[in-house]
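Computed from a predicted model, the values in this text were never measured in an experiment. The residues of the chain are indexed from 1 along the displayed sequence.
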Amino acid sequence: MATFLSKLGRLAFRRRGVTLLLWLLIFGGMGFAASSAPAPPADTFSMPGTESQEAFDLLTEKFPDARADGAGARVVVRAPGGQKITAPEQRAEVERLVAELGKSSPQVVGATDPYKTPEVSISKDGTTAYTVVTYNVPAMEVSDPAHDALDAAIAKAGKAGLTVEAGGDAVKIDQAMGGTGEQIGILVSAVVLVLTFGSMIAAGMPLITALIGVGIGISGITALGSALGLSGTTSTLAMMIGLAVGIDYALFIVSRFRAERAEGRTPDEAAGRAVGTAGSAVVFAGLTVIVALAGLAVVNIPMLTKMGLAAAGTVAVSVLVAITLVPALLGFAPVKVMARKGRLRYAVKPLSERGQRKAAKRAAKLAKKAKPNLGSRWASYVLRHPVAVLLIGVVGLGTVAVPAASLELGLPGEGSMSTETTQRKAYDMLSESFGPGFNGPLMITVQAADAKKAADAAGVAFGRNPGVASVSPATANQAGDTAIINVIPETGPTEKRTEELVRDLRATAGGLEGSTASTIRVTGQTAMFIDFSRTLNDALLPYLGLVVGLAFLLLMVVFRSILVPLKAALGFLLSVAAALGAVVAVFQWGWLADVLGIEQTGPIMSTMPIFMIGVVFGLAMDYEVFLVSRMRESYVHGARPAEAVVDGFRHGGRVVAAAAVIMMSVFSGFIVEDNDFIKVIGFALAIAVFFDAFVVRMAIVPALFALLGKSAWWLPKWLDRILPRVDVEGEKLGRPAQSAPYSRRERPLVG
């Protein structure tokens, strides 16, 4: 592996013009394909095998005119100053609004008149009413003119003195990102890169190559969107993880190139060794990320499977960019990529082997005079106090992880939006006037020879369940073989009692099917959300097992050890548990809620743990592979175990820390967004990267190496014979240039 990648790196470095041209052609070609491809399909949400999905499919089949997947807007109207909405002047304004909504767009099927069904559409105190606007297209296909017409009608009614707000999936949601916080995060990333490298050229390379890789990946997703059913939002995860690993991978290779140059190697040799060593680590780190993302298929939710595979493809592109385009760009600036201080040392290329040896000796002398850096000093400290560092790290993360035992999962709804949005205002108005369960109605389908009769009998039985506020009369289709009942819970859609009610209704339905000779299913948005959360919750452990298990095998091949991948996997699980604990404490319990601007606490978004595991696992394995592979490289070249740890931190600690700070700053930008669930994702990813990079990889890992000594690299002989050899540490590339001896301040006292 190292030999092949070294040759590839040198080839890209020497043929930099051709390599750059090829990547630019690929970039331009994918961009052209994306621009000329048909529009991607709208988002489709399905959960094969769940009761709510079966009922939803039945509604689509049996009620084709109703367009079960059609969008809807619920417009809530309240009379001013406590007046009655039924007063003549208020009624005239509401009827004018309903008429305008009904003809506001060609996509509108109609708008209900609340005065025709006052027992349902007008509150008991007579102050509030609502109308439902139905559309003949799904929510993602509602046009901008239709959105504008809805907004204009609402604004006009508001000027007449009514309080008018709108909710539902037909109401446009402002999903624009890239606010001030995110811009600050990107700015911090650029500053960290400049401080790390001391060169604008070196700092710009990771950003440029990461953007090229992500651009190719996203363009590919767009170009194949229509053919493979990839919606516009499929690229969201691909963009996030692609940008993250793209910066990391390029950062690792550029850093290794600079280190090789500092040891006296010529530019093309440095490029070859950088790709052969750090590039090998990049390849295997990328494989672990691809495993994590492709593993989302075990959840059996098509939307998540497509997102995971699309992101995995983007990561694969980022790996190829890192091991080919990065060395090519280094070829254009082999001197300017070095730190400005001392750059003149690299301006003259040695013309002979003798000159190269002299340059290596000069580099060794300079390194001998140099003071030990922060990474090596920290590693030496950990090696002198391994038990204390290990206990503080493990106990600290374990304490933070305690709240994770109380984790409650749910999906975002209008009740979790900012109180400044019209959706949240409409939600609160309906809860106040009609009861909290009105925002989360349950729909029950009944199939029978005489569906209306069977549904009426079932409705009576359902009404006896505790937690049911009301049951609507049954409505049958034209064939009379399927009927619908609407059940309004007493509690809100995200409350635990509502979830229990869905379970009780399904149990009641099971007992009714025999006596009514029918098939009964419970669905509706609330039931689908509950099923979605349960599906994700059930898939969490199998997903973790798959990801950690395959990653363990990959790392065992890379490091030729059993204990190294074992502690890598256990450390990852510990950091994830701590991150989940912090999320629960802040977003579910409300700790620091005022500081972060969280307006409402409650269940954590169901998709957050899965996404966090995938993203953080990828970044964690990046840090593990890059840091430990440098230790392994020193060890196989003769260093003692403790010396190998110090050497790994001397060369890799600063780079890993910089990569972690960059990711934390980018993810932290999401915390200042208005949507609480976007805050959750940003906070979870930022805190998880902090725990994994700085506590697990920087403290717990070296402490364990200190305690294990040579045992850390133990591998049974029979297993050593059957495992393939990939030479990630570059053993076949020859011994590295002479490193400086350990100074008295950094020499480890153990091993």
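Applying the salt bridge (Lys or Arg N to Asp or Glu O under 4.0 Å) test to every pair with at least one member in residues 101-110, sequence neighbours left out, gives no pairs at all. Sequence neighbours left out, the pairs with a member in residues 446-460 that pass side-chain hydrogen bond (donor to acceptor under 3.5 Å, both in side chains) are K452-D456.
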So V133 and V75, side-chain contact (heavy atoms from CB on, under 4.5 Å) or not? Walk me through it. CA-CA 8 Å; V133 185; V75 180; 4.3 Å; yes

Apply salt bridge (charged side-chain N to carboxylate O under 4.0 Å, His left out) to R534 and D538, showing your working. CA-CA 6 Å; R534 185 180 298 115; D538 293 342; 5.6 Å; no

Could you go through the side-chain contact (heavy atoms from CB on, under 4.5 Å) check for Q588 and I604 one step at a time? CA-CA 7 Å; Q588 193 173 304; I604 307 302; 3.7 Å; yes

Please determine whether side-chain contact (heavy atoms from CB on, under 4.5 Å) holds for the pair L536 and I301, giving the CA-CA distance in whole Å, both sets of side-chain angles, and the decisive distance to 0.1 Å. CA-CA 9 Å; L536 286 174; I301 295 178; 4.2 Å; yes

Determine whether T523 and S52 satisfy the following criterion, side-chain hydrogen bond (donor to acceptor under 3.5 Å, both in side chains), listing intermediate values before the conclusion. CA-CA 4 Å; T523 187; S52 55; 4.9 Å; no

Show your working on side-chain contact (heavy atoms from CB on, under 4.5 Å) between W589 and S406 and close with a plain yes or no. CA-CA 10 Å; W589 294 356; S406 303; 3.7 Å; yes

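Atom CD of residue Q107 and atom CG of residue L150 lie 11.5 Å apart, to the nearest 0.5 angstrom. Atom CD1 of I154 and atom CG of D151 lie 6.0 Å apart (nearest 0.5 Å). Atom CE of M612 is separated from atom OG1 of T607 by 11.5 Å, given to the nearest 0.5 angstrom. Rounded to the nearest 0.5 angstrom, I122 CD1 and T128 OG1 are separated by 10.0 Å. For the atom pair NZ of K306 and CD1 of I221, the computed distance is 12.5 Å after rounding to the nearest 0.5 Å. L296 CG to M307 CE: the interatomic distance, rounded to the nearest 0.5 Å, is 8.5 Å.
Between I488 and S470 the shortest side-chain heavy-atom distance falls below 4.5 Å. In this structure, K172 and D144 have side chains that are in contact, with non-hydrogen atoms separated by less than 4.5 Å. Residues V468 and E490 form no side-chain contact, since every pair of their non-hydrogen atoms from C-beta on lies 4.5 Å or further apart. A 4.5 Å side-chain heavy-atom check between V487 and P441 finds every atom pair outside the cut-off. Residues M608 and L580 form a side-chain contact, since some pair of their non-hydrogen atoms from C-beta on lies under 4.5 Å apart. Inter-residue side-chain proximity for L540 and P609 is flagged as met; some heavy-atom pair is nearer than 4.5 Å. At a threshold of 4.5 Å between non-hydrogen side-chain atoms, the residues N486 and V471 do not count as touching. No side-chain heavy atom of Q525 sits less than 4.5 Å from a side-chain heavy atom of M528.
Residues that satisfy the salt bridge (charged side-chain N to carboxylate O under 4.0 Å, His left out) test with E408, not counting sequence neighbours, are absent from this structure. With sequence neighbours left out, the side-chain contact (heavy atoms from CB on, under 4.5 Å) criterion links E51 to R506, R521, V522. With sequence neighbours excluded, no residue forms a salt bridge (charged side-chain N to carboxylate O under 4.0 Å, His left out) with D504. Residues that satisfy the side-chain hydrogen bond (donor to acceptor under 3.5 Å, both in side chains) test with T526, not counting sequence neighbours, are absent from this structure. Residues that satisfy the salt bridge (charged side-chain N to carboxylate O under 4.0 Å, His left out) test with K425, not counting sequence neighbours, are absent from this structure. Listed by chain and residue number, Y130, F438 satisfy the ring pair (Phe, Tyr, Trp, His ring centres under 6.0 Å) test with F434 (two or more places apart in sequence, or in another chain). V586 pairs by the side-chain contact (heavy atoms from CB on, under 4.5 Å) definition with L596, I598, F683, not counting sequence neighbours. For E495, the salt bridge (charged side-chain N to carboxylate O under 4.0 Å, His left out) test picks out no residue, with sequence neighbours left out. A455 meets the side-chain contact (heavy atoms from CB on, under 4.5 Å) test with V446, A474, A483, I485; sequence neighbours excluded.
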Review item, side-chain donor-acceptor pairs of residues 114-121, under 3.5 Å, at least two apart:
| from | atom 1 | to | atom 2 | distance (Å) |
| --- | --- | --- | --- | --- |
| Y115 | OH | I85 | O | 2.8 |
| T117 | OG1 | S121 | OG | 3.1 |

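Contact between A170 and Y135 at its shortest, heavy atoms only, is CB-CE1, 3.6 Å. Closest approach of A292 to F617, counting heavy atoms only: CB-CD2, 3.6 Å. The shortest heavy-atom contact between A312 and L293 is N-CD1, 3.6 Å. Between I530 and E499, the shortest heavy-atom distance links the atoms CD1-CA, 3.6 Å. Pairing each heavy atom of S518 with each of A448, the nearest pair is CB-CB, 3.7 Å. Counting all heavy atoms, side chain and backbone alike, S104 lies closest to L101 at OG-O, 2.9 Å.
Remark: the N439 side chain and the S431 side chain contain an N/O donor-acceptor pair separated by less than 3.5 Å. No hydrogens or angles considered: a donor-acceptor pair under 3.5 Å links the side chains of E165 and T422. Under 3.5 Å, the side chains of S433 and D125 contain no donor-acceptor pair of N or O atoms.
The residue from T445, D481, T482 that alone fulfils the side-chain hydrogen bond (donor to acceptor under 3.5 Å, both in side chains) condition with K62 is D481.
Judged purely by atom type and a 3.5 angstrom limit, N465 has no side-chain atom pairing as donor or acceptor with the backbone of L501.
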